[in-house]
Amino acid sequence: GTLIEGAGPDIAPTITRAPSILPLGAVIGDSISLDLGAATGAPQPEASWDITLNGDSIRSQLDAGALTVELSRPGLYELSVSWSNNAGIVDAVIASLTVEPAPQAPPINYGQAIVYIDAASAFQGSATNVTAITTTGRQGLVLTATGSGNPVTHGPAGFTFANGIYMQSAVLSGQPTGDGMFAVVDFTLTSYGTSSGQLLQGAGSRLNLLDMSGALRVQGVEDTTITMNAGTTPYGRRFVIGGRIDDLTDMLGMYDLAGAYSEQPIGSTNPDLTRVISGRYLNGTLHRLAVFGRPEGGAWPVSFEEVFADFRAGV
């Protein structure tokens, strides 16, 4: 070869800083950074590397132009690095990070609800003509078929309404709603009915969850009536919305179609729910419905946020 004045012999790589995955102890939802480490040698060594999850490469999932990635899955993350030049190659000690699954929230006890319905709820009549639904809840309230027209039907996805018969409770009294109530519904609507669709309606102080001419509305009816816009009705697609009257703060809260929370003031003095209605003027399927109350001077049996998240997780 051609001799170059002052050039020394080639020197194999020597690792001077081991690779690492930071921060140590990162958990689901955290963003990790990869440090490839460092090595010396002549000529200067170049790094070859990969990041794997349970043995499978996830290098393509790193943030564009950065050695970072958000942890979305549990498992063993390993960063392997080797350094090479003309004189040789050396493998660094593999950096590893074990990420545990995110802790699971305890299941919600829907037996504490005033009303809870899902596809597994007991019903009377037949699958092609449901005459009553027995709700899960502290009182086992029964909603009975009311009105005329097309019957309510039942299938694996839930209870389906066809702009005809709907479900309604008897007149209620003494419900545990003195300091507030909230409601969440999980529906698929296929088309608009002959009037404002009642995903949830009722009597007394209450929450109305409505499809009004193609717009979803959360309405609080108490000392004052306040209506909030939850988004454009996504006909043909399953969705979840919810509302809450908080008597202690005098606020109407809402989770809209996108899952965003907002609230407005509402005049409220000891809410008193006296009837529950669902399915009137609707074309679509009720997958789940929950109504919870907070008794006067008491606590919520479960939070609005937890129930809404549980409903959304099932969609």
Side-chain angles (χ1 to χ4, degrees), residues 107-108 110-111 113-172 183-203 206-218 230 232-243 257 273-292 307-308 310-315:
I108 293 172
Y110 285 102
I114 296 172
V115 168
Y116 177 74
I117 296 172
D118 63 18
S121 293
F123 64 92
Q124 299 174 28
S126 67
T128 57
N129 185 9
V130 175
T131 58
I133 302 172
T134 301
T135 71
T136 302
R138 53 200 306 153
Q139 302 166 75
L141 298 178
V142 175
L143 306 187
T144 58
T146 305
S148 60
N150 297 317
V152 178
T153 61
H154 179 265
F159 296 91
T160 298
F161 304 93
N163 199 35
I165 292 173
Y166 56 96
M167 308 308 293
Q168 175 176 278
S169 74
V171 175
L172 308 175
V184 183
V185 296
D186 174 1
F187 255 97
T188 299
L189 297 181
T190 55
S191 62
Y192 190 68
T194 54
S195 187
S196 295
Q198 299 175 5
L199 289 78
L200 177 67
Q201 177 66 276
R206 64 189 185 276
L207 288 157
N208 296 333
L209 306 180
L210 308 170
D211 176 25
M212 301 176 67
S213 300
L216 295 174
R217 299 283 193 259
V218 173
T232 301
T233 308
Y235 293 115
R237 180 167 65 84
R238 190 168 174 174
F239 65 87
V240 176
I241 60 171
L257 192 63
L273 177 66
T274 59
R275 174 160 275 163
V276 174
I277 298 170
S278 185
R280 194 174 188 185
Y281 304 123
L282 289 184
N283 290 307
T285 299
L286 167 62
H287 306 293
R288 299 174 77 187
L289 180 155
V291 181
F292 281 85
V307 173
F308 183 79
D310 184 56
F311 272 47
R312 288 261 291 186
V315 172

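All values below were derived from every heavy atom in this structure, side-chain atoms included, with hydrogens, water molecules and symmetry-related copies excluded.
In this structure, Phe159 and Ser121 have side chains that are in contact, with non-hydrogen atoms separated by less than 4.5 Å. Within the 4.5 Å cutoff, the side chain of Phe187 has no heavy atoms near those of the Leu209 side chain. Under the 4.5 Å side-chain criterion, counting only non-hydrogen atoms from C-beta, Thr131 is not in contact with Pro151. In this structure, the side chains of Asn208 and Gln198 stay at 4.5 Å or more apart for every pair of heavy atoms. Inter-residue side-chain proximity for Tyr166 and Leu282 is flagged as unmet; no heavy-atom pair is nearer than 4.5 Å.
Across every non-hydrogen atom of Thr153 and Thr128, the tightest pair is CG2-O, 3.6 Å. Scanning all heavy atoms of the two residues, the minimum distance from Met212 to Ser196 falls at CG-OG, 3.8 Å. Heavy atoms only, all atoms of each residue included: Leu199 and Asp211 are closest at CD1-N, 3.6 Å. Considering every non-hydrogen atom in both Leu257 and Ile241, the closest pair reads N-CG2, 3.9 Å. Of all the heavy atoms in Asn150 and Ala162, the pair that sits closest is ND2-O, 2.9 Å. Closest approach of Asp118 to Ala120, counting heavy atoms only: OD1-N, 2.9 Å.
Note: Ser169 OG to Ile133 CD1 = 12.0 Å, rounded to the nearest 0.5 Å. Atom CG of residue Leu189 and atom CG of residue Leu216 lie 7.0 Å apart, to the nearest 0.5 angstrom. For the atom pair CG (Leu172) and CZ (Arg206), the distance works out to 12.5 Å, reported to the nearest 0.5 Å. Rounding to the nearest 0.5 angstrom, the gap separating the CD atom in Gln124 from the OG atom in Ser126 is 12.0 Å. Atom CG in Leu289 sits 5.5 Å away from atom OG in Ser278 (nearest 0.5 Å).
Every pair passing side chain to side chain donor-acceptor pair (under 3.5 Å) that includes a residue from residues 280-292 is listed here, sequence neighbours excluded: Tyr110-Arg288, Tyr116-Arg288, Thr160-Thr285, Thr188-His287, Ser191-Asn283, Arg288-Asp310.
In this structure a side-chain-to-backbone donor-acceptor pair under 3.5 Å is present from His154 to Ala119.
Heavy atoms of other residues, nucleotides or ligands lying less than 6.0 angstrom from CZ of Arg138 number 12 at most.
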Exercise. Where do Phe123 and Val152 land on the side chain to side chain contact (heavy atoms under 4.5 Å, CB included) test, with the steps shown first?
Worked result: CA-CA 11 Å; Phe123 64 92; Val152 178; over 6 Å; no
Cut-off 3.5 Å, no hydrogens considered: what does the side-chain donor-acceptor table look like for residues 139-149, sequence neighbours left out?
{"residue": "Gln139", "atom": "OE1", "partner": "Gln175", "partner atom": "NE2", "Å": "3.4"}
{"residue": "Gln139", "atom": "NE2", "partner": "Gln175", "partner atom": "OE1", "Å": "2.7"}
{"residue": "Thr144", "atom": "OG1", "partner": "Gln168", "partner atom": "O", "Å": "3.4"}
{"residue": "Thr146", "atom": "OG1", "partner": "Thr144", "partner atom": "O", "Å": "3.1"}

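Residues passing the salt bridge (charged side-chain N to carboxylate O under 4.0 Å, His left out) test with Asp186, sequence neighbours excluded: Arg238.
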